[in-house]
Amino acid sequence: MSTFSKLEVKDKDIVTSLQGFFKTLLESKKIDAFMVPWHLPMKEVVMPTLISDVEQLDKADPLAPSFPMNAAKIASRLTKKPAGQTIALVMRSCEIRAFIELIKLKQGSLDNTVLIGIDCLGAFDNRDYASFAKKEVSTVRFCDKILKDKSENIEGLNLAAACKVCEHPVPDNADIIIGLYGIDYQSELLLEAPTVKGEELLQALNLPKTSESASRQQAIKSLISDREAKRDKMFEETSLATSNIEKLSGYLASCVNCYNCRVACPVCYCRECVFVTDVFDHDSFQYLQWAKKKGRVKMPTDTDFFHLTRMAHISLACVGCGQCSNACPNDIPLTELFRTVSHHTQKAFEYEAGKNIEEPIPLSVFNDKEYEEVVGINKQSTE
Amino acid sequence: MTEFEPTIVAFFCNWCTYTASDLAGTSRLSYPPNIKIIRMMCTGMVDPKYVIKALLEGADAVLISGCHPGDCHYINGNYKARRRVKLLKEMLKRFGLEEERLRLTWIGASDGLQLAETINTMVDQVKKLGPSEIKSTMVI
Ligand code: SF4
Ligand code: SF4
Ligand code: FES
């Protein structure tokens, strides 16, 4: 059972209030460092940053609509081996879910961490965030647009496609969840502690107790059902656009095999990807043979093969964070494709990526009697 | 016009189905030449990549066949294969791959007859479906 406390917001400024909250935690010495999105001093860029000096938290801004990378990868790097110090990881909902998947893959650990999740207001892709930053609109103003005006169009810019269809605006699996939806966020924020770890930390701060209001629950419910409707529409459109291999090839036609999407994907877990090994470093003679056999061969080769293999590897772990699309130099809507396929493969295994740390990854376990429908030669495609 | 002769790429486990195919040969059971057999040490070694590559290269169908549940020489390779086939089927049907073009069967070393029947039936089924669309499509 979660416990709830209130965090007072002064001057309607939630950014400064959040910074204040992080500072109190760091000063309490129960936390040795924060990993949190932070405004770099030399350019309007926000990056995950590891902070141990309280004053540096003045530039922490986890609500800035910037999402340059999925920080689950950083969290994995920080927790793979025990460091004996406690790190508070401030992450978005999809980052926490990706981190959970990485932990299941033994590429990270919850030991010596405190996961802090904030109701996610979404973010722009990199290009739009750069335009947004030029407009010098404050994060507080952005939050008002989303929370008060309920608008997804901010100064002519739209949230990233992944965010618009995200049905997880409230993070699961955090030790502390900072609530913004369905409350009077301009005067107070909700601090929820779903775990013992979170509860102990909040208790030490002596904050006023409260409970989760019905209006918050209602606001979350209606936001989720809104998002699900948009998501399902996106699934339908994407399925239609890729319903056969020819269409899929068209969907991926501008891919140049740079593999940025796999580098950006938090759950592309292989330490060395087969696509960058010698296996795909063919001799020129080989390419000429292929060209001769088929009359022509598109270079670089194996584009569909790469994407389908990546899909076989990670669709059961995809958390829909949108970083694959964000990373693509050629604007291929990869998130839509991967989310659509993942939705179906995860459903087939009754699995939801990032939801439950106790639930094993589908391909890591098996039973002697299961999925017998895939065995044999009787099932027809028309059935 | 000559009749369409499908190409079926088959990944057979060395310990059971591959032995069955030998047996079928020595007992003069006939099965069509459409099948291109690749001997694997276990169905658990059939990487999803192999299946995807075979299909993208224009195989009309893929057959994976190994030891019956409980008989895998590596204890559980066939159970892993079953989950992988489940995943591949879910995934590839989104891009139009028909049920008949990816099959998994358990055929023991002494089941030469069952193997011949399986291959014959599969060839018939794929003939009915026609050539894989991938052959006539520019796959990138
Ligand atoms: S495939 Fe794309 S949306 Fe899914 S987890 Fe990877 S980067 Fe995120
Ligand atoms: S990032 Fe884009 S261009 Fe690069 S490999 Fe992925 S899909 Fe292809
Ligand atoms: S040894 Fe035959 S399937 Fe594993």
Side-chain angles (χ1 to χ4, degrees), chain A residues 238-239 242-253 255 257 274 279 290 294 296-305 307-309 311-313 315-316 337 340-342 344-349 362-383, chain B residues 44 47-53 55-58 61 63-66 68-70 76-106 117-122 124-125 128-129 132-140:
Chain A
T238 310
S239 296
T242 56
S243 60
N244 60 39
I245 293 284
E246 187 168 17
K247 287 194 199 163
L248 179 70
S249 294
Y251 196 91
L252 299 169
C255 173
N257 294 37
V274 63
V279 176
W290 285 328
K294 295 180 183 162
R296 77 282 193 262
V297 54
K298 185 271 223 177
M299 303 289 281
T301 57
D302 292 311
T303 303
D304 288 343
F305 186 33
H307 287 285
L308 289 171
T309 302
M311 215 174 263
H313 281 188
S315 77
L316 291 169
L337 175 61
T340 303
V341 173
S342 300
H344 291 94
T345 56
Q346 292 182 20
K347 212 160 80 185
F349 286 94
L363 291 192
S364 69
V365 286
F366 42 80
N367 292 308
D368 54 351
K369 282 204 176 56
E370 60 174 8
Y371 306 125
E372 282 167 18
E373 75 280 4
V374 305
V375 182
I377 54 166
N378 295 324
K379 202 169 173 207
Q380 310 278 306
S381 52
T382 45
E383 270 172 31
Chain B
D47 189 313
K49 272 203 299 294
Y50 305 164
V51 177
I52 296 168
K53 184 68 175 171
L55 293 168
L56 288 179
E57 287 298 321
L63 169 64
I64 301 170
S65 186
H68 284 276
N76 50 35
N78 49 0
Y79 297 151
K80 292 179 185 158
R82 186 166 55 194
R83 282 197 171 220
R84 290 182 192 137
V85 168
K86 169 85 181 162
L87 170 67
L88 281 169
K89 276 181 174 284
E90 268 323 308
M91 208 182 97
L92 295 172
K93 81 171 177 218
R94 319 249 13 114
F95 311 116
L97 190 90
E98 297 94 337
E99 202 58 56
E100 292 88 340
R101 296 198 198 270
L102 173 57
R103 296 294 202 188
L104 172 68
T105 58
W106 311 135
E117 280 172 11
T118 301
I119 296 174
N120 280 311
T121 312
M122 210 175 149
D124 281 349
Q125 290 176 342
K128 266 195 209 116
L129 277 186
S132 153
E133 57 139 333
I134 294 173
K135 269 194 215 162
S136 53
T137 300
M138 164 103 187
V139 169
I140 54 170

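Scope of the values below: all heavy atoms of this structure, side chains included, with no hydrogens, waters or symmetry mates.
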Do the charged groups of [X] and [Y] touch, with an N to O distance under 4.0 Å?
X	Y	answer
B:Asp47	B:Arg84	no
B:Arg83	A:Glu370	yes
B:Glu99	B:Lys89	yes

Picking from [options], which has the most non-hydrogen pairs under 4.5 angstrom with chain A?
options	result
B:Glu90, B:Lys80, B:Met91	B:Met91
B:Thr105, B:Leu63, B:Val51, B:Leu87	B:Leu87
B:Met122, B:Met138, B:Arg103, B:Glu98	B:Arg103
B:Leu55, B:Thr118, B:Asn76	B:Asn76

Proximal component of [X], with respect to chain B [non-hydrogen, under 4.5 Å]:
X	result
A:Pro362	both
A:Ile245	both
A:Val274	side chain
A:Thr301	neither

So, does A:Asp304 use its side chain to make a donor-acceptor pair with the main chain of B:Ile140 at under 3.5 Å?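 Checked: pair present.
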For A:Asn367, does its backbone N or O pair with a side-chain atom of B:Arg82 as donor and acceptor, under 3.5 Å?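 Looks like yes, one N/O pair under 3.5 Å.
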Part of [X] within contact of chain A (heavy atom distance under 4.5 Å):
X	value
B:Ile134	side chain
B:Thr137	side chain
B:Leu129	side chain
B:Glu133	side chain
B:Leu56	side chain

Against chain B, work out which of [options] has the most heavy-atom pairs shorter than 4.5 Å and name it.
options	answer
A:Lys247, A:Lys347, A:Lys298	A:Lys298
A:Thr345, A:Leu316, A:Leu308	A:Leu308
A:Arg296, A:His307, A:Glu372	A:Arg296
A:Met299, A:Lys369, A:Glu246, A:Glu373	A:Glu246

In Å and rounded to the nearest 0.5 Å, what is the CH2 to CG distance from B:Trp106 to B:Asn78?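 B:Trp106 CH2 to B:Asn78 CG: 4.5 Å, rounded to 0.5 Å.
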If you round to the nearest 0.5 Å, how far is CG of B:Leu104 from CD1 of B:Ile64?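 With rounding to 0.5 Å, CD1 (B:Ile64) is 6.0 Å from CG (B:Leu104).
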With B:Asp124 via salt bridge (Lys or Arg N to Asp or Glu O under 4.0 Å) - residues at least two apart: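 Not a single residue meets the salt bridge (Lys or Arg N to Asp or Glu O under 4.0 Å) criterion with B:Asp124.
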Listed partners of A:Lys294 passing salt bridge (Lys or Arg N to Asp or Glu O under 4.0 Å), at least two apart: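 With neighbours one apart ignored, the set is B:Glu57.
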Is it true that A:Tyr371 and A:Phe349 have ring centroids separated by less than 6.0 Å?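 Judged by ring-centre distance (under 6.0 Å), A:Tyr371 and A:Phe349 do meet the cut-off.
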Distance-only polar pair, side chains of A:Thr340 and A:Ser239, donor-acceptor under 3.5 Å: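 Distance-only check fails for A:Thr340 and A:Ser239.
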